[in-house]
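Below is one structure, written out as structure tokens; comments come after it.
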Amino acid sequence: MLYSISQCLFAIVFLLPAATYCDNILFLQTTPSRSHHIWNKQIFNHLYDNGHNLTILTFEQEQSIPGKSFLYVPKFYARIMMDFAAEDNSESEMGPVGNIINMYSFYEKASRILMKEPAIQHLLHYPTNFKFDLIIHDFTMGQFLLGFIERFGNPPLVSISAFNSPSYTMYLADIPVRFTTMPNYASEFHQQMSFMERCWNHFYWYLEYYHRQFRFMSNEDRRAQELFGQNSTSVKELEKRSSIILVNSDFSMDYHQALPPNVIPVGGLHISRPENIPQNMAEFMDFPSKGVILLSLGSNVQCEGLGKDINQAILKTFSNLPEYNFIWKHGDPESLGPVPPNVLIQRWIPQRAILSDPRTKLLIGHGGLLGLQEATWYGVPVIGIPFFADQLQNVDKLVRGGVGVRLFLNELNEMSLKQALQEVMTNKSYLRNMIARSKLFRKQPQSPLDRAIFWIEKVLENKGLPYLASPAHDMPFYQLYGIDLICVTLLIVVFLNLLCKVLLSLVNKQS
């Protein structure tokens with residue numbers, strides 16, 4: 001009796017609202033980062049505005065409304081970091097090698113926690129005959145969730161990532177990656193590498209290949225089998241079903257890479273979101289000065305966690321530059337003590353809105369991709385303080401492009417920060433180069449968000465886009481790389497050589 005009542009409630013709450021919408025879309029977010037949620041949110045909000053019904057797995061609490069249902073996983077990032085804190089992560093200081101190892105360790109811990117969440121169990125208990133018209137999956141991580149494709153009747157798959165164009169995008173689409181010209185994300189190499197850099201770059205790519213394809217993805221398969229049954233298709237095969245792959249990259253600031261037609265760059269699609277500057281910030285920015293400088297280390301790096309010495313060094317530097325107004329995103333303002341009048345400390349800031357204001361002259365950031373895209377869009381030079389993942393390479397691109405300078409955390413003190421500030425603020429080449437880059441980024445025939453929505457709805461309309469898929473996915477390894485042709489050619493050469501020898505031997509005997 002209770003089971004039948006719950007089925008009726010499900011039909012009333014979920015199925016009836018869906019009747020007024022075009023399609024049912026399952027949006028599987030996987031990355032517990034507020035910045036990634038902001039990027040993804042522009043997509044699912046736009047799809048909702050276009051009349052589609054969405055069910056969204058999320059790590060940021062949002063209110064469900066008819067046509068947009070959220071499956072919330074609380075405190076997900078905090079629980080992953082608690083898992084990290086319980087271990088000895090000495091490899092975190094090992095440069096690119098530690099960067100790769102820690103990245104997949106993070107992915108592994110996240111999947112291990114996520115698969116046991118009530119939100120996942122809720123999806124698993126949908127009626128067996130329920131079908132989604134489309135699944136959108138953030139392929140940055142959480143590949144075991146691809147088992148929902150078969151669980152919901154094999155709808156088409158759209159894969160997305162706010163993590164630039166992840167190095168493993170090539171496993172979803174047939175992307176030719178030359179390790180001699182494409183630096184691995186964990187490195188700080190340019191595309192024109194020396195001999196030793198190319199050697200190291202090959203090592204980083206193969207190390208990542210081993211960790212993803214043989215360790216992480218094998219564990220994802222086991223998780224998928226536990227949730228969806230022992231006969232579940234391998235997640236390596238499921239990810240290849242992606243009709244399109246939307247990546248957060250743009251030619252104006254990223255490395256050259258040949259992309260197949262189903263990999264679509266939509267870099268910066270989050271920038272169009274509406275934001276307002278709160279009154280207290282607006283009034284602070286009105287104070288007479290040479291300009292506003294914004295310090296924000298994003299959502300995953302907390303200034304209060306940098307230690308008292310670094311925080312005080314930053315505050316003293318700002319105090320000694322009264323000609324500028326500083327807005328500082330800090331989670332614990334009280335710990336800083338007295339603050340000079342040219343410094344405004346805020347727990348949260350509307351970063352895009354502040355960067356869009358012409359009074360903002362500089363961003364001091366952690367090298368997160370979304371913040372750098374916003375700075376580029378609005379022509380604001382950057383001081384980058386990279387910490388982990390792609391941040392090292394992102395900041396390196398800024399330095400090589402002449403649009404910013406880099407400070408490593410172990411170099412950060414009152415003197416080095418002041419020198420970096422004065423270098424960027426007085427040397428106008430940084431501003432000129434960033435304005436030029438901004439023009440390249442902005443001048444597009446279609447906004448990145450409109451481009452993303454166009455292709456997603458094209459997949460919906462056609463129930464997939466198989467004509468964009470590479471035939472290489474269905475070819476065995478030996479055919480794809482012509483190994484069978486090489487072997488046959490060698491056999492023919494060996495056969496002809498032996499035949500010639502036999503004929504010559506016969507001729508010699510007769511003579």
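For the numbers below, each heavy atom of this structure counts, side chains included, while hydrogens, waters and symmetry mates do not.
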Practice task
Measure the acute angle between the ring planes of F44 and F27, then classify it against the limits of 30° and 60° as parallel, tilted or perpendicular.
Solution key: perpendicular
Problem - Worked check of side-chain hydrogen bond (donor to acceptor under 3.5 Å, both in side chains) between T31 and S33 - result: CA-CA 6 Å; T31 310; S33 166; over 6 Å; no
Handout entry: H366-F387 aromatic ring centre distance below 6.0 Å
Key = no
Practice task
Decide if the gap between the ring center of Y206 and the ring center of Y204 is smaller than 6.0 angstrom.
Solution key: no
Practice task
Check the pair E208, Y104 against side-chain hydrogen bond (donor to acceptor under 3.5 Å, both in side chains), reporting the backbone distance first and the verdict last.
Solution key: CA-CA 9 Å; E208 187 184 3; Y104 283 97; 2.9 Å; yes
Handout entry: Reported CD1-to-OG distance for the pair I100 and S167, which is rounded to 0.5 angstrom
Key = 8.0 Å
Exercise for the section: Applying side chain to side chain donor-acceptor pair (under 3.5 Å) between S296 and each of Q351, K329, H330, report the one that passes. Expected result: Q351
Problem - Within 6.0 Å of CZ in F495, more than 12 heavy atoms from elsewhere - result: no
Problem - D133 side chain to I25 backbone, donor-acceptor under 3.5 Å - result: no
Exercise for the section: Might you point out which heavy atoms bring P32 and F106 nearest each other, and give the distance in Å? Expected result: CG-CZ, 4.1 Å
Exercise for the section: Please check if any side-chain donor atom of N164 sits under 3.5 Å from a side-chain acceptor atom of S249, or the reverse. Expected result: no
Problem - Pair N154, R241: side-chain N/O donor-acceptor within cut-off below 3.5 Å - result: yes
